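By convention in this document, chain letters (A, B, ...) are assigned in the order of the sequence lines, proteins followed by strands, and residues within each chain are numbered from 1. Everything quoted here is computed from the prediction, not taken from an experiment.
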Amino acid sequence: MSTSYLTGLNNAQLKAVTAPEQNLLVIAGAGTGKTRVIVSRIAYILNEFQDPPRSILAVTFTNKAALELKERVQKACVGINDLNMLWAGTFHAICARFLRSYCFAANLPASFTIMDPSDVKRELKHIIEPLNLNLKGAELNKLLGSVSETIFALKEKGLRAQQLLSSTRDTQYEITRRFRSELTFDEFVQIYLKYEEFCETVGAVDFSELLLRTCELFNKHPEILSLQHRRFKHILVDEFQDTNHIQYKLVQLLCGENCTVMAVGDDDQSIYSWRGANYRNMPNFLRDFKDAKLIALEENYRSSQNVLDLANSLMSGCEDRLSQKVLQSQKGAGQVVEVVECPNNYQEAQWVASTMSLLHNAGVPYQEMAVLYRFNSQSNPLENAFSTLGIPYNIWGGLRFFDREEIQNSLAYLRLAVNENDNAALLRIINVPKRAIGPSKIELIENIATEHHCSHFKAIELLLETAKDPAFKKAYAAKAKSFKDFYDLVLKIKENLETQSLQEALHFIHEQTGLNDFYTKKDKDEGKNSLEGRVANLKELEENAARFEEECKVNPILDSDGNQIAIPLLFITNTSLVSGGEINSKGEKDSLQDAANLSTIHSAKGLEYQVVFVVGFEDSILPSAKGNTLDEFEEERRLAYVAITRAKEKLFLSYCNMRTNYQGTNYTGPSVFLTEILKDVNKTHQKEQLPYKERSVSYSRYD
DNA sequence: GGTATAACGATTTTT
DNA sequence: TCGTTATACC
């Protein structure tokens, strides 16, 4: 038996990896080899405990992380059979799979589809419009945002509309606060009720519903839950600081008598609390999971000590920490951290670009350099400066592959063919490309649907039937004609799914619905060539489908009766949840090869670069001016911490005295965090009487 | 029903 | 400044 998965681990890591079967909370500071520990622990479970892969459930924050984990486990566990029985995925993907398997018990149709947030908004608009709230378009849109966010947040707290009816005044206030005065509590509850009703009749679930529905499934059906308890002996959860209420509940539910959980996370890197993440789930874990043991990883393999000194000093100012970690570098002091003062944000951008250019000439590849900022809006001057100097760059955090309009539209056809009740999908594409079905005709369909309590698609069918009747022929003939093509098209797609491969079916959709022609024209108008345009993305989707189909054949997913679940269904589920290929904000499919990285701090989480520029280290930027409470302030501190700890060799921090953006011109200045850190560092410098050039932090001004 | 222009609002974002 | 969406007009 090989134990190579243990070599090279430090003491703390070894302790975590080789711990007996018990609940474990691993606090893994930035760059301390967290993924390594998870992979090694899985290898240890398989080799030492001799438990089969199917007894392991590994939960990650993103699909990308799940994929990476699976690959690394495969490498570390050569010779172990049935590795594909190991479950690794996000909470959402895992729940979707449970719901597919137990759809009947979960009270969902076998063909249930998953709505993305834009579908949800479109439906909420339908629900809210008849209320005649007298809102301007933009205001209505903002309200739609708040309402959908609120519904998601409530579901993730486990609250359905029905339960809100008996909620306390405090809860009611918490909810209505989000809508200013545009919506009363009762109005909101009515909307929420109607929305749930819509989802129910249509057989569609939103992202939050996946989690809530699965929780309810297990609570209502202990026999199904005990099946899981019999299966899962080891649950590993990565990024535990980013779990929310319902995800924590799910872990509790899934953890049976003979199961232990390894929760891995870093409370210092919790930067998503505004989305419902609760880092206090980490201390709660110690309280709620029997005999849970705590292990902290502090040996850092990523950054030099000079970088870590800043990070440590920044976090020492934070009160609410699970453990007062002090990160120790395994790489030595390293290069000086440079703090740079700039007159304004345009100069700052110029300074970044020219410094990068110098570093590149000195041999640092562009892809090893990153500029991190608090707001997307800060990227603009940087992009200009980069273009002027001819520095190639990629912007992260732009539109993702499966969020793209053309992909969503293509998938909507597929969704409708799979589940004709999916009204959200129907409304999305009934007039894309244009086939002369405007608002008035859609209203007609909606009226028929309401009247007959049926789906929109059925309503079209009814309309076409009625139009055949000579008595109505005149009245309906003109209107019916425009629906006929659409109706036949969807039926044909349905038929194709029975006989053709998924790839072929998608190809048919792209050709026959006119999507390809529509986007070919659009690509041309926008001056896109055949490689970077929307048509190319549709092609990519077809190829994606082919790959997916292959995978399904190798590793089929079964329902509770042991039957294989239909591939188109799985594809829809998968693509709704998987963010796809890397796309930069310019919509280019393939990112540039040796290109510098521009990113918000949030989307840089988990990444690392040789050289990092953190720009806009200013009050009202970092920390953001939006935060008022102490909690919000401390989250900004953690954000700064995440930014700093992305750097492997060289870190630059910059701030401006004056900043011009759409709001106008503001006089800014160094961030409180910066003054805090520098005070600390300077103290050390003085104490050790270091000459200026040996100091760990240098300070300069750029004009 | 489709296209040009005005008006508005703008933390952070994964699933 | 930029992107989205409502409206006015053909």
Side-chain angles (χ1 to χ4, degrees), chain A residues 59-66 89-96 114-121 125 135-145 149 152 155-156 205-212 214 239 242-244 246-247 270-277 345-346 372-381 383-384 396-400 402-403 405 431 433-442 482 525 573-580 585 599-606 616 620-628 632 635-636 638-640 642-643 659-665:
Chain A
V59 191
T60 57
F61 188 57
T62 64
N63 290 293
K64 205 175 145 210
T90 62
F91 277 104
H92 292 84
I94 286 163
C95 287
I114 299 171
M115 290 185 290
D116 74 293
S118 72
D119 293 322
V120 174
K121 270 197 194 172
K125 195 172 184 178
L135 292 170
K136 291 230 173 71
E139 289 170 334
L140 177 67
N141 233 47
K142 232 174 91 195
L143 182 68
L144 288 174
E149 292 289 311
F152 295 151
K155 283 189 180 181
E156 282 170 26
V205 296
D206 58 48
F207 287 159
S208 309
E209 184 72 25
L210 289 169
L211 307 174
L212 180 55
T214 308
E239 306 280 10
D242 283 326
T243 52
N244 62 29
I246 203 151
Q247 291 167 338
S270 153
I271 53 175
Y272 282 104
S273 72
W274 48 275
R275 237 175 47 195
N345 47 329
Y346 300 101
L372 306 182
Y373 38 81
R374 178 66 238 263
F375 305 121
N376 281 314
S377 58
Q378 287 170 263
S379 73
N380 233 302
E383 287 186 69
N384 292 333
W396 302 111
L399 216 43
R400 296 160 310 146
F402 286 104
D403 283 343
E405 175 199 305
N431 205 27
K434 299 275 181 330
R435 51 174 71 85
I437 301 179
S440 63
K441 279 186 194 145
I442 289 175
S482 40
D525 291 348
T573 311
N574 216 48
T575 48
S576 319
L577 295 175
V578 174
S579 65
S585 69
S599 164
T600 60
I601 301 171
H602 280 95
S603 8
K605 195 182 147 199
S620 82
I621 301 280
L622 188 65
S624 149
K626 297 271 173 172
N628 297 315
E632 284 166 328
E635 181 140 325
E636 297 292 315
R638 296 192 293 267
L639 204 48
V642 168
R659 179 171 287 276
T660 307
N661 54 20
Y662 59 83
Q663 292 165 316
T665 296

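Within 4.0 Å of A/F61, counting heavy atoms only, lie sugar-phosphate atoms of the nucleic acid but no base atom. Contacts of A/K125 with the nucleic acid, taken as non-hydrogen atoms under 4.0 Å apart, involve only primed sugar atoms and P, OP1 or OP2. Residue contacts shown for A/N141 are limited to sugar-phosphate atoms, with no base heavy atom under 4.0 Å away.
Between the C1' atoms of C/dT5 and B/dT12, the separation comes to 24 Å (whole Å).
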When you look at A/T243 and A/F91, which way does the side chain to side chain contact (heavy atoms under 4.5 Å, CB included) test go after all the steps?
-> CA-CA 9 Å; A/T243 52; A/F91 277 104; 3.8 Å; yes

List the steps, then state whether side chain to side chain contact (heavy atoms under 4.5 Å, CB included) holds for A/Q378 with A/I621.
-> CA-CA 10 Å; A/Q378 287 170 263; A/I621 301 280; 3.8 Å; yes

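Judged purely by atom type and a 3.5 angstrom limit, A/N431 uses its side chain to pair as donor or acceptor with the backbone of A/I437. A donor-acceptor pair is defined here as one N or O able to donate and one able to accept, closer than 3.5 Å; such a pair exists between the side chain of A/D206 and the backbone of A/E209.
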Quick one, give me the B/S/- string for nucleotides 2-12 of chain B, reading 5' to 3', where B means a protein heavy atom under 4.0 Å from the base and S means that only happens at the primed atoms, P, OP1 or OP2.
-> S------SBBB

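When the P atom of B/dT13 is taken as reference, atom NE2 of A/H92 falls 17 Å away, rounded to whole Å. Atom-to-atom, CG of A/D206 to P of B/dT13 comes out at 21 Å; the value is rounded to the nearest Å. Whole-Å rounding puts the A/F91 CZ to B/dT15 P distance at 13 Å. Distance, A/D119 CG to B/dT15 P: 17 Å, rounded to whole Å. A/F207 places its CZ atom 12 Å from the C1' atom of B/dT13, with the value rounded to the nearest Å.
Extent of DNA chain C lying under 4.0 Å from chain A heavy atoms, first and last nucleotide in 5' to 3' order, is C/dT1 to C/dA6.
In this structure the side chain of A/Y346 reaches within 4.5 angstrom of the side chain of A/T660, judged on heavy atoms.
Between the side chains of A/T90 and A/T60, no donor N or O sits under 3.5 Å from an acceptor N or O.
Ring geometry for A/H602 against A/W274 counts as perpendicular: the plane angle is over 60°, on a 0 to 90° scale with 30° as the lower cut.
With salt bridges taken as basic N to acidic carboxylate O contacts below 4.0 Å, one links A/D242 and A/K605. In this structure, A/R374 pairs ionically with A/E636, as a charged nitrogen and a carboxylate oxygen lie closer than 4.0 Å.
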